[in-house]
Amino acid sequence: MTMLFTAILASSLFLTAHATPQLPTKTLFQSNFKLPASGNALWYRSPSANWVFESLPIGNGYMGAAVFGGVQNDTVLMNLDDLWAGGPFSSPTYNGANWNASYAPTVHEKLKALRNTIFANGTAPDLNGITTDAGDYGTFSSAGNLVIARGVGIDYSNYTRWLDMDQGIIRSTWKETKNDVRREYICSYPERLCSHMTSSTTPFPQVSYAIETIQGHSNLQLGCQDNSTLVLRGNAGSNGAGMLYEIVGRVQVSKTTGASTTCSAGVITVSNATDIWFTWTGGTEYNIDAGTADQRYSFKGPDPHSSILKRLSSASSLSYSSFVQRHVKDYTTGTSQNFQLDIGQKPDWSRTTDQLIEDYKEQQLSGQRGDTGRTLLEWLFFNFGRHLMFGSARGNLPANLQGVWSQGSWAPWSGDYHVNINVQMMYWPVETTGMDVTQTLWDFIQKTVIPRGSETASILYNVSRGWAMHNEINTFGSTGMKGLDIPNYNPAEWTNYAAGGAWLMTHAWDHFDYTGDVQWLRKQGYPLLKSTAEYWLDALQLDRNTNDGSLVAVPCNSPELPQTTFGCAHWQQLIWELFNSVEKALQILGTGGEQSFLLEVQKKRVKLDRGLRIGAESQVQDAGWGKIWRAACWAQLGNSTRFYDQLSYAISRNFAANLFSLYNPFNTAENTLFQMDANGGFPAAVLNALIQAPDTQYLSETLTITLLPALPTSWSQGALRGVRVRRGLEVDMAWKAGSLTAVTLKAPRLQGGKQIKVIVKGKNLNKELLVGRGNVIKVL
């Protein structure tokens, strides 16, 4: 690798990528460098000291940056969305936690015995040895840390840093002796790179830029291509054979007299410049299209170097102002151009975001509410959840447990994809708020999960059609039921979750139901639904416990609960919903050659146990898992008091000063780990209190839209614009004193071009309407 690295540093191609114009002086003093008038910002009076609690995140899907905002020394964590240690790169025999095919007959006998035990006793004490070793499962890993240093002690005042969620830009500003300084941080989706821009009123004597390497990676090589360009290459993980990755950073300076750049030993030094623009991009050799049996599940693509050069070359023609404009247009188009929420919040520049959180906690403990800062903070949490999704879900891969942000060579829970609630929770708000961020999720399922999942279905479950997966999925198709080699430990509560595929398919159907995209449904949506349903058609078993002729899933565990049993309510309902989505999809597309398959689905659905049993004391019989969703559940039940209590309780207990959702799995003194599911679930729970439009079994049924079903008293005045509901409909509404004052129903994406019946109801409204595609109806 050393000879290759030397050749890369000497590459003439690289020189052409660096041909960029100089910056004008005082660039950031020529722009509107203010906190947003809307109040839509997280802001602070001091730099971050800890990435989990205080850093601010931006991302473009492909890359993530967690910004500390320091003065003398600044640090930015650098992430690539597909940089993983482990898997087939480190271990050529990695098999996705599947049993060897030759062992399949033995596994099938173990599964048969397990099912017999469950039907005879209602439960089983363990999984009877059907779990496998996870193998070299791997982890999401950080690529490096950008470190900007000025080398001398600096006295400063009037410091402010903020994340502008109207524009997706982080900014900081402060005063020094005879100098004002401004900084701007952007991760651009159009350019697929991130940047760190600094402007000052007088030239900086000296500033250095370096990429700090990550301990735990191997073959790390950091060098200077020229006086303005850094190159970092290495392999993820410690064994030297992991995934290849590369980051390239380039500095550009103003025309200040005497300004210069030099590079030595992997450090760029800038002297006598008022304006410094450092941009970086990167890539890996991961290839999602190389995850099939024909390619031996290698997931290995070409060296990323040439594609990185192309991106740098393309971006080099842009002025800084054009770069910002292109980013802001992309960000606002995707987050706020067509959707807006108002819950009566007002900007408050007298208290920083961390102060708002502390005040909220104190109010929660004392029971004293009514402070307008509470509503502002709740609104900021809503917008922050969408900011994280928009910044992490549009790259090579879907958003993982930490979106696209992590520190070090290992991420908590491997930074993977938990499909027993976490992935779903993060994606809950994207369809209703019109965020176009789901394509990476469908491609991930199709190209990463299904190929290995077909082996899991066959080897573990003796099912030849379709595919199966379990709770924890990496980027290398780990679909088997993995366990841990710990004596007397039963991993069933987290690993026995073959319902994950069915649950993900609710999102697939929802994507069509909210967008009306028939072309996507035909090309990708329906094939995903069908292959998932095929597995369950063959995997369901006749209930040999009650002998009532119904079909049940067995073995099953409700998410995160230890009892292994049959016919878990959660599983049964998801499978029923999957079958129903298949039927509705074929109503849209036409049955064509799918008639026999549709009949098979319909026959099995009729026999499917619906999962709800009523006990002797009129209680629902199943193990419950809904505590993490309590706010959304109480909203669904129309209980505004319980909904708001749970929402408030979550804010006061489980979020950091930077609004990251925190977890404490190790029972330490405080929550220490970032996991993004609650950030995504927050806006979904809020919307569930403001508007509901439950799915119907048949497309011909009337769709009922309920407005303000669980409105808290503290949100007595507000508005929603551009919120999407099922059947391709859209709603604008406003309310005052808890009652609706204006409602408009739009049908820009109504399915099939037919008219449908819709009931719109609320506290002071109940109307039945006939709606056609393109209609705009003033309901109130």
Side-chain angles (χ1 to χ4, degrees), residues 1-18 60-64 78-92 94 96 136 138 140-144 189 191-194 211 214 217-223 225 229-237 239-250 279-316 394-398 404 439-440 443-444 446-448 451-452 474-477:
M1 186 171 174
T2 301
M3 293 182 62
L4 174 61
F5 187 68
T6 301
I8 285 172
L9 293 183
S11 169
S12 60
L13 287 174
F14 217 110
L15 294 172
T16 62
H18 182 60
N60 58 24
Y62 299 100
M63 304 168 64
M78 310 167 87
N79 289 108
L80 305 174
D81 75 325
D82 55 2
L83 179 57
W84 269 67
F89 293 88
S90 297
S91 177
Y94 179 75
D136 198 351
F140 178 56
S141 299
S142 179
Y189 181 81
E191 270 55 68
R192 198 172 156 180
L193 55 78
C194 297
I211 300 176
I214 300 299
H217 293 334
S218 53
N219 300 326
L220 295 167
Q221 296 181 300
L222 177 64
Q225 191 279 325
T229 309
L230 295 175
V231 183
L232 168 66
R233 282 170 70 90
N235 295 95
N239 75 347
M243 184 188 298
L244 173 68
Y245 72 97
E246 178 178 314
I247 288 183
V248 179
R250 180 196 59 201
T279 57
W280 72 95
T281 187
T284 77
E285 61 180 342
Y286 177 83
N287 180 8
I288 197 172
D289 292 314
T292 65
D294 289 343
Q295 294 162 306
R296 299 184 178 181
Y297 303 106
S298 70
F299 290 96
K300 187 169 184 176
D303 187 310
H305 181 66
S306 61
S307 62
I308 291 172
L309 295 186
K310 289 178 182 178
R311 289 198 294 276
L312 283 173
S313 178
S314 176
S316 67
R394 297 193 297 161
N396 299 293
L397 296 167
V404 69
Q439 188 57 51
T440 54
D443 291 344
F444 179 74
Q446 178 182 328
K447 298 178 180 182
T448 302
R452 280 285 196 193
N474 60 14
T475 58
F476 311 120

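No hydrogens, no waters, no symmetry mates; every other heavy atom, side chains included, goes into these values.
Among residues two or more places apart in sequence or in another chain, the side chain to side chain contact (heavy atoms under 4.5 Å, CB included) test is passed with Thr279 by Leu193, Ser195, Arg250, Trp277. With sequence neighbours left out, Phe444 forms a ring-ring contact (aromatic ring centres under 6.0 Å, His included) with Tyr417.
Inter-residue side-chain proximity for Trp84 and Tyr286 is flagged as unmet; no heavy-atom pair is nearer than 4.5 Å. Inter-residue side-chain proximity for Pro304 and Thr284 is flagged as unmet; no heavy-atom pair is nearer than 4.5 Å. The shortest distance between side-chain heavy atoms of Leu222 and Leu232 falls below 4.5 Å. Taking the side chain as every heavy atom from C-beta outward, Asn396 and Ile288 never approach each other to under 4.5 Å. Counting heavy atoms from C-beta on, the side chains of Arg233 and Asp303 come closer than 4.5 Å.
In this structure, Ala143 and Ile247 approach most closely via the heavy-atom pair CB-CD1, 3.4 Å. Annotation for Asp289 and Gln295: closest pair O-OE1, 2.9 Å, computed over non-hydrogen atoms. The two atoms that bring Leu83 and Met243 nearest to each other are CA-SD, 4.1 Å, heavy atoms only. Considering every non-hydrogen atom in both Thr281 and Met63, the closest pair reads CA-CE, 3.6 Å. A pairwise comparison of heavy atoms in Ala236 and His217 identifies CA-ND1, 3.5 Å as the closest pair.
Looking at Asn239, its side chain does come within 3.5 Å of a backbone N or O of Ser90 through a donor-acceptor pair. Between the side chain of Ser316 and the backbone N or O of Ser313 there is at least one donor-acceptor pair closer than 3.5 Å. Although no hydrogens or angles enter the test, the distance criterion places a donor-acceptor pair under 3.5 Å between the side chain of Asn219 and the main chain of Gly240. At least one donor-acceptor pair under 3.5 Å links the side chain of Ser218 to the backbone N or O of Gly237. Checking side-chain atoms of Ser142 against main-chain N and O of Ile214 turns up no donor-acceptor pair under 3.5 Å. Side-chain N or O atoms of Arg311 include one that pairs as donor or acceptor with a backbone N or O of Gly282 at under 3.5 Å.
Taken to the nearest 0.5 Å, the CZ atom of Arg452 stands 9.5 Å off from the CG atom of Asn474. The CG atom of Asn60 sits 10.0 Å away from atom CD of Glu191, with the distance rounded to the nearest 0.5 Å. The CG atom of Asp81 sits 8.5 Å away from atom OG1 of Thr440, with the distance rounded to the nearest 0.5 Å. Rounded to the nearest 0.5 Å, atoms CG (Leu230) and CH2 (Trp280) are 12.0 Å apart. To the nearest 0.5 Å, atom CZ of residue Arg192 and atom CD1 of residue Ile308 are 8.5 Å apart.
Evaluated for a side chain to side chain contact (heavy atoms under 4.5 Å, CB included) with Glu285, the options Phe89, Tyr245, Phe299 yield exactly one hit, Phe89.
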Would you please test Asn79 and Phe140 for side chain to side chain contact (heavy atoms under 4.5 Å, CB included) and show each step?
-> CA-CA 9 Å; Asn79 289 108; Phe140 178 56; 4.1 Å; yes
